[in-house]
There are 2 protein chains.
Amino acid sequence: MDAMTPEPPSSAERMPTIRDIAEMAGVATSTVSRALSNPQRVNARTREKIERIAAQLHYVPSTQARGLSSGRTGVIAVLVPDITNPFYFDIIRGTQYQLKASGYTQLLVDTEEATDVELDTLRKLRRSTDGVILAASRLTDQQLTDAASRQPLVTINRATAEAPTVLIDTPGAVVQALEHLASFGHRSVVYAGGPTSSWSNHRRWKAIEEAAAKRGMAATRLGPYAPTAFSGAAAADATLGTGVTAVIAFNDLLAIGMLERFRERGVRVPEDISIVGCDDIFGADFCNPPLTTISSPIEQAGRVAVSMLMAQLDPIRGGTPRKLAVMPTHLKVRASTGPARA
Amino acid sequence: MDAMTPEPPSSAERMPTIRDIAEMAGVATSTVSRALSNPQRVNARTREKIERIAAQLHYVPSTQARGLSSGRTGVIAVLVPDITNPFYFDIIRGTQYQLKASGYTQLLVDTEEATDVELDTLRKLRRSTDGVILAASRLTDQQLTDAASRQPLVTINRATAEAPTVLIDTPGAVVQALEHLASFGHRSVVYAGGPTSSWSNHRRWKAIEEAAAKRGMAATRLGPYAPTAFSGAAAADATLGTGVTAVIAFNDLLAIGMLERFRERGVRVPEDISIVGCDDIFGADFCNPPLTTISSPIEQAGRVAVSMLMAQLDPIRGGTPRKLAVMPTHLKVRASTGPARA
DNA sequence: CAACTTTTGGCAATCGCTTGCCGCAGTGTT
DNA sequence: AACACTGCGGCAAGCGATTGCCAAAAGTTG
């Protein structure tokens, strides 16, 4: 107003606020606020007018201010151990899709397979997010319980008593995999294990051990190996050392790495050795040979995780909050498995 | 303090604020604020005391409040056309890494290869982010110019006059690819093109056309095809229809899809037809046959984009703001290319 | 038509932090 | 000894929304 007041640099013109709208509409800011985020609280005519002005001004509410006063941020964090692992891509896509549909923003964080990064992130995020989806958490039960008591949380592939969980029923499919191998005459199998801190890893091995025992097959566990194609070489070599005819890998990444190593060493797949992966990631269908693997609707797992979180955030609209969802799995037979060599 | 005041539900105990710290330390909130975010502005002893109390309270500053009053959000958005395209994985990893190192949070958004989603996202994000990295933007020059004038922006694989850009020098490598094919006796080549709105696509085709003309080779453009493995079938069929002995695909995804289709139809690669991909994505090395492709430090491109953005945000510390960075590329020869059939 | 309820909109406090401005000490300069 | 700095800390005004409380207006009812 004052002629002395220096104009702010016009480089970035000021963004409109509810005050601007309120002035133009001749109402109070509170009315604008209500019209925009609580429509039924305000008269239809007033609301329309406000909406029109808002649109005309290209008004975008400040998430910061909104979050500060309302306590809600509209942000959900998704924590994955490794952004570059294709397995998580499908999860991420699923959560992204469903979060967007629910009006939330997804904040993706790579925890680098490290417990402390995970813990630290969780702490920092407590303030700035409404909830967290924790995929393949590396936390201990205790840490997980603590975290769940502090913020709305849903885990994927990591069961806890405290937080709702989406589980991919890999153990179920492991049985199918074992049957499949048995039908090909395999009598002994190696499990190329994943990270020690991986809960799924334990779960998978237990299932294999048990199912193998039931069928009188010998099962050996190798590892731990990092869940990367790169580690496949070591896993392949160790497997060859055992003389088994079949191997089940912790995941497809590892399996694909093993495939390459086998080829390098002149070991034929599946003639000399059969290999089963897990997750049916991008690439499992076009590697050489195409990988027999355990497939599941991973993307859907992400979507389900989101809806379980939504139910937790808004118990009324969300309906009965499920504590556990199990995604079905099935064995996808491709060319990496075949009859056991004599 | 008042006995009548109802205790807040202890379910989630209140998070500590700078006021709590200020009270405990016996200083004003402004001092706490400065001690924490502007350390040299406050006496060392005072600062240490405050830091100690903050740590003890597990204090985490509210990004919301901070952003509201300071105008900075600490968030950088990264927009990619398709989260599930492995090409962007590496970019995302690069940006994530570098942003974290710079103390920023990455907000990842999938724009679904759609111009309007991109535009809309950009608008919404203007308020809540400090800057944007736009990978393979589908925007027109005009739209891009507008966007760049409204918010700090860096593009990847999309040159503009306005915004700093990181380019992957694929056209450069296309020449290598053509030489490689020529040395194998190929005289005609097909380019299986990508999306019409893709700037790189045009750029690539121009380079091929020109390089082919210079060598007296015939070049035909096919497409557009969606940059997915799924579209590979159509691209493969169309390619076969032309009778050429070599094809360069818009990207590896498409190339891999073509590879599969060729196998389905009994066309041998590289005996019957040679194929060159582009990007060297995850999977290009283990598909069947492994793909000859144009490789480049994609992850580094992401990192460079971040540092260019940082330079823009803080011109003093950031050093000379580069307007353009070109990432080198080279042809990675694998098994999908070979001598032309007679 | 009076008494009452429901709508509708305004006031003002608040969320947690940043930052411009001010003033008090302590130090150094002439 | 008077003066000017400089370093350090406090005051208080925002940032842009939300929301509890209240009052005026409108609608209902007997």
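Naming convention: chains lettered A, B, ... in sequence-line order (proteins, then strands); numbering from 1 in each chain.
Protein atom CD of A/Q40 is 16 Å distant from nucleotide atom P of C/dT6, rounded to whole Å. A straight line from CZ of A/R47 to P of C/dT8 spans 10 Å, rounded to a whole angstrom. We find that OH of A/Y59 is positioned 10 Å from P of D/dG16, with the value rounded to whole Å. Between the CD1 atom of B/I18 and the P atom of C/dC15 there is a distance of 12 Å, rounded to whole Å. The interatomic distance linking B/K49 (NZ) with D/dC8 (C1') rounds to 15 Å, in whole Å. Rounded to whole angstrom, the span from the CG atom of A/L68 across to the C1' atom of C/dC17 amounts to 8 Å. Rounded to whole Å, the distance from CZ on A/R19 to P on D/dC15 is 7 Å. Taking atom CD1 on B/I50 and atom P on C/dC17, their separation rounds to 13 Å, with Å as the unit.
For B/R127 against D/dG16, no side-chain N or O and base N or O form a donor-acceptor pair under 3.5 Å. For A/R41 against C/dG9, a side-chain-to-base donor-acceptor contact under 3.5 Å is present. Contact annotation: side chain of A/R66 to base of D/dG16, donor-acceptor pair absent below 3.5 Å. One donor-acceptor pair, N or O on each side, does fall under 3.5 Å between the base of C/dG20 and the side chain of B/R34.
Toward the 5' end of DNA chain C, the nearer of the two residues B/A65 and B/S30, judged by each one's closest nucleotide, is B/A65. Along DNA chain D, the nucleotide nearest B/G26 and the nucleotide nearest A/S70 are compared for position; the residue whose nucleotide lies closer to the 5' end is B/G26.
Proximity of B/R72 to the phosphate of C/dT19: a side-chain N or O atom is located under 4.0 Å from OP1 or OP2. Neither OP1 nor OP2 of D/dC8 sits under 4.0 Å from any side-chain N or O of B/T46. In terms of phosphate contacts, B/S37 brings a side-chain nitrogen or oxygen within less than 4.0 Å of OP1 or OP2 of C/dT18. OP1 or OP2 of D/dA17 has not a single side-chain nitrogen or oxygen of A/T63 nearer than 4.0 Å.
With respect to A/T95, the side chain to side chain donor-acceptor pair (under 3.5 Å) criterion is satisfied by exactly one of A/R303, A/Q106, A/E299: A/Q106.
Shown here for B/V306 and B/S102, the closest heavy-atom pair between the two residues is CG1-OG, 4.4 Å. Heavy-atom minimum distance, A/D82 versus A/Y88: O-CD1, 3.3 Å.
In this structure, of D/dT18, D/dG16, C/dT8, it is C/dT8 that holds the atom nearest to the side chain of A/N43.
Between the CZ atom of B/R158 and the CG atom of B/L144 there is a distance of 5.0 Å, given to the nearest 0.5 Å.
Residue-level contact check: B/S33 touches the bases, meaning some heavy atom is under 4.0 Å from a base atom.
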side-chain contact (heavy atoms from CB on, under 4.5 Å) evaluation trace for A/D20 with A/R14: CA-CA 11 Å; A/D20 300 321; A/R14 205 175 55 77; 3.2 Å; yes

